[in-house]
Each structure stands twice: as structure tokens, then as C-alpha cells.
Amino acid sequence: MPETDAAPARTGPCFITTPIYYVNDRPHIGHAYTSLAADVLARWRRLEGREVFFLTGTDEHGQKVEKAARDAGMNPQAFTDQVSQHFRDLTATMGLSNDDFIRTTEERHKEACTALWDELVRRGEIYLGHYEGWYAVRDEAFYGPDELVERDGVKYAPSGAPVEWVREPSYFFRLSAWADRLLKLYDDEPDFILPASRRNEVMAFVKSGLGDLSISRTSFSWGVKVPGDPAHVMYVWLDALTNYITAAGYPADPEAFAKWWPAEIHFVGKDIVRFHAIYWPAFLMAAGIAPPKRVFAHGWWTNEGQKISKSLGNVIDPVRLVEESGLDPVRYFLLREVPFGQDGDFSRAALIGRTNGELANALGNLANRTLSLIQRNCEATLPAPAARAPGDAALGALVDALPAVVGAHLDRQDFHLALEAVMAAARDANGYITVEAPWALKKTDPARMEAVLRHLHDALRVFATVLQPFLPDTMEALLDQLGVPPEARTLAALSTPLPGGLTLPPPSPLFRKIEAAA
């Protein structure tokens with residue numbers, strides 16, 4: 001089992017977020033990936049019996065959106081209404097269990113931005129000046145000259161976005177004053193930023209020196225107006241990051257805010273970790289608000305070994321992927337294939353291998369064999385709970401420990417290890433059924449046959465319970481076939497055995513194998 005000394009306590013309300021997605025284009029596989037990770041953790045926390053608030057949404061302000069709307073021949077609000085709906089639709093496509101979907105064009109969010117701005121002003125953290133520097137419209141960010149590279153007379157940011165020289169009046173946040181306090185936060189909370197590689201990257205950036213941060217613009221108008229100075233709109237990242245506390249109840253509902261904040265975890269892509277791990281905690285601490293407990297920055301996907309880009313035409317559409325392969329196999333593959341936090345490569349062959357080899361063969365066949373044997377040999381009735389014989393001990397110990405093992409991995413966002421633990425137990429259960437051969441025990445030792453089938457049924461119940469966050473639809477079907485009532489599908493309920501004598505429905509296949517393209 002992994003070290004869990006720094007894992008969050010498994011009690012009390014839990015607030016989990018995705019980033020809010022920028023509405024300058026349609027959703028792609030990266031958006032689905034981040035949202036899926038948040039959904040799995042939210043579902044797991046609910047299985048633990050915790051009250052969960054799971055938030056996602058869209059980031060709809062800024063120069064880039066204003067330009068995209070103009071290019072589409074639409075006004076910004078109509079444009080963001082249209083594109084935001086694509087992301088809302090994605091929550092249904094991916095089977096997300098989010099409790100709220102926030103848009104930064106909502107009035108509640110504008111009120112929260114204004115309240116946060118006013119508090120920062122009250123505390124002396126904002127001042128008016130002039131800014132000049134290299135600005136990337138695509139990133140909505142300024143960069144220092146030492147961060148730029150030049151090609152063919154054009155300067156580019158580390159992200160590859162072209163930059164332009166900008167000089168305009170601007171309000172500034174005193175970010176430079178927060179460097180030491182940020183470093184103390186990282187030292188005091190070593191798991192505040194995960195994985196460790198991103199923590200090291202952020203700490204190196206802060207140690208290199210922080211300047212004050214420009215937090216308003218006057219060269220465009222699509223954004224939240226600065227209180228008392230409407231010629232300025234708020235810097236898009238101050239606006240966007242505030243969404244998390246908006247949804248949690250700031251400032252309108254202090255009781256809700258006290259319940260949900262600080263967030264247990266913000267899931268983000270590695271390209272925006274600086275904003276979430278430097279600017280965001282600094283804004284919050286400067287306003288007298290606690291920072292979130294963790295920022296986890298995951299990696300990027302390639303497609304069959306190639307970098308994903310619109311110009312190459314290899315963007316992975318999550319809607320089409322689900323249509324082709326099924327929702328639960330896609331959910332499983334994305335979190336099984338690659339350690340969360342590292343870059344990974346999407347390949348159809350790997351998706352087929354995981355679906356057919358692990359889901360259909362290892363788990364699906366085990367369920368079908370076990371339940372079919374109960375149908376034929378036990379009159380479709382669940383055998384009574386049985387004591388463990390020596391031959392049952394190894395599998396029993398593995399199954400007993402599995403919920404805690406999976407939970408420990410998920411506390412560290414090691415999704416692939418959680419799934420490997422379940423699959424390892426399923427492989428052991430397949431070995432167990434082969435060795436014990438309950439089909440042969442029907443004639444020689446029917447009591448032992450019933451005990452073996454009961455142990456297999458108990459194992460399948462545990463597998464199905466802990467896999468619900470990853471495979472919600474399929475595991476609901478398996479729990480139905482196992483005769484587990486809806487109120488007994490939590491982790492706590494696993495301690496209460498199902499009574500013998502339950503009539504079980506005829507089993508049906510859980511997964512369809514995916515055929516490789518000719």
C-alpha cells in the first residue's frame with residue numbers, strides 16, 4: 001500500500017473541482033480526462049459516506065473569447081452561450097455526477113469577483129499603475145523576456161503562443177510580497193501541489209522571484225468590470241479562479257462557504273498549474289481566505305504517438321470515442337492506462353486491449369461464470385455465508401483489504417494503481433475458481449461447492465462496489481445481478497454480508513468486446 005500519512009481525512013464535507021473550461025472551442029479529450037478524474041474521486045467520497053460538492057463549468061471572459069466571438073460573427077454572450085452548452089453536454093456524455101455547473105458570465109460570479117476585489121483593495125493588496133510587457137493573447141498571460149524565444153522575428157511564450165508588446169494602465173496585485181508566504185505554504189503542506197514534479201517546478205519559479213501582477217486590462221471590454229473604474233476589466237485569471245469560491249457560497253452564503261471551503265482538491269492540466277498554485281493561493285491568503293488543500297496537475301495526451309493539434313487533424317473527440325467504444329470502457333481506459341500526472345499516449349489498440357483483456361475477460365467472465373454456476377447448481381439462490389477454509393484464505397484476505405487499498409490510492413490520485421489493485425484481485429479470483437472447480441464439486445462435495453460460489457459472490461460484490469466510481473453504469477448492472485439492494489452499495493455496507501437465500505436474476509454479459517479494425 002502507498003504511504004497515506006498526508007492523505008486527506010475521510011470525514012466531513014468534501015469540495016472537488018475541475019478547472020472551468022475556456023469557451024473558445026469545442027471540448028476535447030483533455031477536458032474529458034480532467035473531468036473524469038474529478039468525477040471518480042467525488043463518487044468515491046460519496047461511497048465513503050461523505051457529503052460531496054463537485055463543481056465544473058466554463059470560463060467565458062477575456063480577450064481570446066472576445067476575438068473568437070468576433071471571428072464567428074457573434075456577440076460574446078451569444079457565442080459563450082453556444083460553446084458553454086457543448087461543455088455542459090460533455091458532462092452527460094461522460095456520465096459526470098457534478099452538483100453544479102458554473103459560468104463566469106453569471107451574476108452570482110460577478111458579485112463574487114467584485115467582493116474579492118473590494119476585499120483586496122481594503123487590505124491594501126491592489127494599486128493602480130501602468131504595465132508594459134510581453135503579452136500572449138492565447139494564454140491570457142504576461143511573460144518575462146527571459147522566458148521568450150524568437151523565430152523569424154516573432155517572439156513566443158514557453159507555451160508556443162506568440163506575444164506582443166503591451167503598454168496600458170493597469171491595476172496591480174502585490175504578488176511580490178507573497179513569495180515567502182507561498183514557499184512556506186509549499187513547505188508546510190508538501191502535498192499542496194501534486195505530482196512532485198509540478199511542485200518542484202512551481203517552487204523553482206517562485207524562488208526565481210515574483211513581480212507584482214497586472215490584474216486589469218483596458219484594451220478590451222469582455223469581462224468583469226473593476227469596481228469604481230469600469231474602463232478596466234479584471235484580469236481573466238483573477239476572474240476565472242474566483243469561480244471556485246463563487247460556487248462554494250462566497251460572499252452571498254457564509255454558512256455554505258464555511259461548509260465547503262477550503263476545497264479538498266482542484267484538478268487542473270499541467271499548463272495552468274502556475275495560475276492555480278501561485279496566483280490563486282496568493283489572492284486567497286491576501287483576502288484572508290484559506291487556500292485549497294491540494295492542486296493536482298495532470299499530464300497531456302498524445303494520439304498514436306503524435307502531438308494532438310487541430311492542424312494535424314488528430315484531435316480526439318470524446319463524444320465520438322464514447323459512441324464507438326462505450327462510456328464505461330472509455331472511463332476505465334483513460335484512468336487505467338497512464339499514471340495520473342504523467343503524459344500518456346492514446347492508442348486504439350491499447351483501448352481494445354484494456355477493454356477485452358481486463359474488463360471483458362478478467363472481470364466480465366468471472367462474473368458470468370460465477371453467476372451462471374449459481375443459477376444452474378444452486379437453483380438461482382445465493383448460498384449462505386460460509387466460513388473460510390485454508391484454500392479460501394488468500395483470496396479472502398485480498399478482498400477484505402481491497403476497499404482500504406483502493407481508498408489509499410485514490411487519496412493520492414493514483415487512479416491507475418487503484419484499478420490495478422482491483423484487477424489483481426480479479427485475476428486471483430479467476431485463479432481461485434479454476435483451482436476450486438465448483439462445477440466439479442457439484443457431485444463430490446455440494447456443500448463445498450456452495451461455499452466456493454459464496455466466496456466468489458462476496459468477492460464480486462466488493463469488486464463491483466469499489467469500481468462504481470469508475471464504471472458506474474456497468475457496476476450498477478453487476479450489483480443488480482448480484483442481488484445487492486441499492487441501500488447496500490456503499491463501502492460501509494460491505495461489512496454486512498448479504499443473507500443466503502436471495503433469488504438472483506439470470507446473468508447477462510457486462511462488457512462487449514471491441515473488434516480491432518481490419
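By convention here, the first residue in the shown sequence is residue 1.
Judged purely by atom type and a 3.5 angstrom limit, T93 uses its side chain to pair as donor or acceptor with the backbone of D89. Side chain of N303 to backbone of Q306: no donor-acceptor contact under 3.5 angstrom is found. Without hydrogens or angle criteria, D328 side chain to T474 main chain gives a donor-acceptor distance under 3.5 Å. Under the 3.5 Å distance criterion, the side-chain polar atoms of D100 are left unmatched by any main-chain donor or acceptor of L55. At least one donor-acceptor pair under 3.5 Å links the side chain of R331 to the backbone N or O of M94. For Q413 (side chain) and L410 (main-chain N/O), a donor-acceptor pair under 3.5 Å exists by modelled atom type. D414 places no side-chain N or O within 3.5 Å of a backbone atom of L417 that could act as its donor or acceptor partner. Between the side chain of H31 and the backbone N or O of H28, at least one donor-acceptor pair lies under 3.5 Å. At least one donor-acceptor pair under 3.5 Å links the side chain of E304 to the backbone N or O of R348. Side chain of K225 to backbone of S221: a donor-acceptor contact under 3.5 angstrom is found.
Checked options V40, L467, V406; the residue passing with L419 is L467 (criterion: side-chain contact (heavy atoms from CB on, under 4.5 Å)).
Side-chain contact check for M285 versus W178: some heavy-atom pair is nearer than 4.5 Å. In this structure the side chain of L504 reaches within 4.5 angstrom of the side chain of H457, judged on heavy atoms. At least one side-chain heavy atom of L185 sits less than 4.5 Å from a side-chain heavy atom of P291. You'll find the side chain of Q468 reaches within 4.5 Å of the side chain of R489, heavy atoms only. Contact annotation: the side chain of W44 approaches that of V466 to within less than 4.5 Å [non-hydrogen atoms, C-beta and beyond]. The side-chain heavy atoms of L402 and V399, taken from C-beta on, include no pair separated by under 4.5 Å. Using a 4.5 Å heavy-atom cutoff, the side chains of K270 and R198 are in contact. Looking at T34 and V268, their side chains never come closer than 4.5 Å, going by heavy atoms from C-beta outward.
The local environment of NZ in K67 is sparse, with at most 12 non-hydrogen atoms from other residues, nucleotides or ligands closer than 6.0 Å. Crowding of E255 atom CD: a count of heavy atoms from other residues, nucleotides or ligands under 6.0 Å not exceeding 12. Within 6.0 Å of CZ in R26 there are 12 or fewer heavy atoms belonging to other residues, nucleotides or ligands.
Using a 30° and 60° split on the angle between ring planes, F275 and Y279 fall in the perpendicular class, above 60°. Below 30°, between 30° and 60°, or above 60°: for Y244 and H276 the angle between ring planes is between 30° and 60°, a tilted geometry. Taking the six-membered ring for Trp and thresholds of 30 and 60 degrees, F267 and F296 have ring planes inclined between 30 and 60 degrees apart. Under the 30°/60° scheme for interplanar angles, the aromatic rings of F340 and H298 are found to be tilted.
With sequence neighbours excluded, the residues that form a side chain to side chain donor-acceptor pair (under 3.5 Å) with S159 are D139. Taking T465 as the reference, nothing meets the side chain to side chain donor-acceptor pair (under 3.5 Å) condition, with sequence neighbours excluded. Remark: K64 pairs with no residue by the side chain to side chain donor-acceptor pair (under 3.5 Å) rule, at least two apart or across chains. Annotation: side chain to side chain donor-acceptor pair (under 3.5 Å) contacts of D99 (sequence neighbours excluded): R46.
Comment: R50 engages E264 in a salt bridge, judged by a side-chain N to carboxylate O separation of less than 4.0 angstrom. Ion pairing between R108 and E111 fails under the 4.0 Å rule for side-chain N and carboxylate O. Here E189 does not pair with R199 in a salt bridge; the nearest charged N to carboxylate O distance is not below 4.0 Å. Salt-bridge check for K110 with D239: failed, with every basic side-chain N at 4.0 Å or more from each acidic carboxylate O.
Applying the ring-ring contact (aromatic ring centres under 6.0 Å, His included) definition to pairs two or more places apart or across chains, those involving residues 58-82 are H61-W222.
With hydrogens and angles left out, the side-chain atoms of Q63 and S219 include no donor and acceptor closer than 3.5 Å. Side-chain contact of Y21 with S35: a donor-acceptor pair under 3.5 Å is present, judged by distance alone. Side-chain N/O atoms of Q77 and D81 include a donor and acceptor closer than 3.5 Å. There is a side-chain donor-acceptor pair under 3.5 Å between T17 and H266. Side chains of Y171 and R217: no donor on one and acceptor on the other come within 3.5 Å. Side-chain contact check for S97 and D39: at least one donor-acceptor pair (N or O, by modelled atom type) lies under 3.5 Å. In summary, the side chains of E60 and T104 do not present any donor paired with an acceptor at a separation below 3.5 Å, with no hydrogens or angles considered. A donor-acceptor contact closer than 3.5 angstrom links the side chains of T302 and D345.
Under the 6.0 Å cut-off for aromatic ring centres, F173 and Y235 do not qualify, their centroids lying 6.0 Å or more apart.
In this structure, W261 CH2 and Y250 OH are separated by 11.5 Å, a value rounded to the nearest 0.5 Å. Annotation: the span from L241 atom CG to I20 atom CD1 amounts to 7.5 Å, rounded to 0.5 Å. Here L482 contributes atom CG and L460 contributes atom CG; the two are 5.5 Å apart, rounded to the nearest 0.5 Å.
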Under 3.5 Å, which donor-acceptor pairs link side chains of residues 357-365 to any protein atom two or more places apart or in another chain?
residue, atom, partner, partner atom, Å
E358, OE1, Y332, OH, 2.4
E358, OE1, R336, NE, 3.1
E358, OE2, R336, NH2, 3.0
E358, OE2, R354, NH1, 2.9
N361, OD1, K513, NZ, 2.9
N361, ND2, N356, O, 3.2

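Closest non-hydrogen pair, D59 versus A240, comes out as OD2-CB, 3.5 Å. Nearest heavy atoms, L321 versus I29: CD2-CD1, 3.9 Å. Pairing each heavy atom of E515 with each of I352, the nearest pair is O-CD1, 4.1 Å. Counting all heavy atoms, side chain and backbone alike, A277 lies closest to I193 at CB-CD1, 3.6 Å. Nearest heavy-atom pair, P472 versus P469, reported as atom, atom and distance to 0.1 Å: CD-O, 4.0 Å. Heavy atoms only, all atoms of each residue included: R45 and C14 are closest at CG-SG, 3.8 Å.
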Give the intermediate values and the outcome of salt bridge (Lys or Arg N to Asp or Glu O under 4.0 Å) for residues R43 and E48. CA-CA 9 Å; R43 288 175 181 271; E48 292 178 329; over 6 Å; no
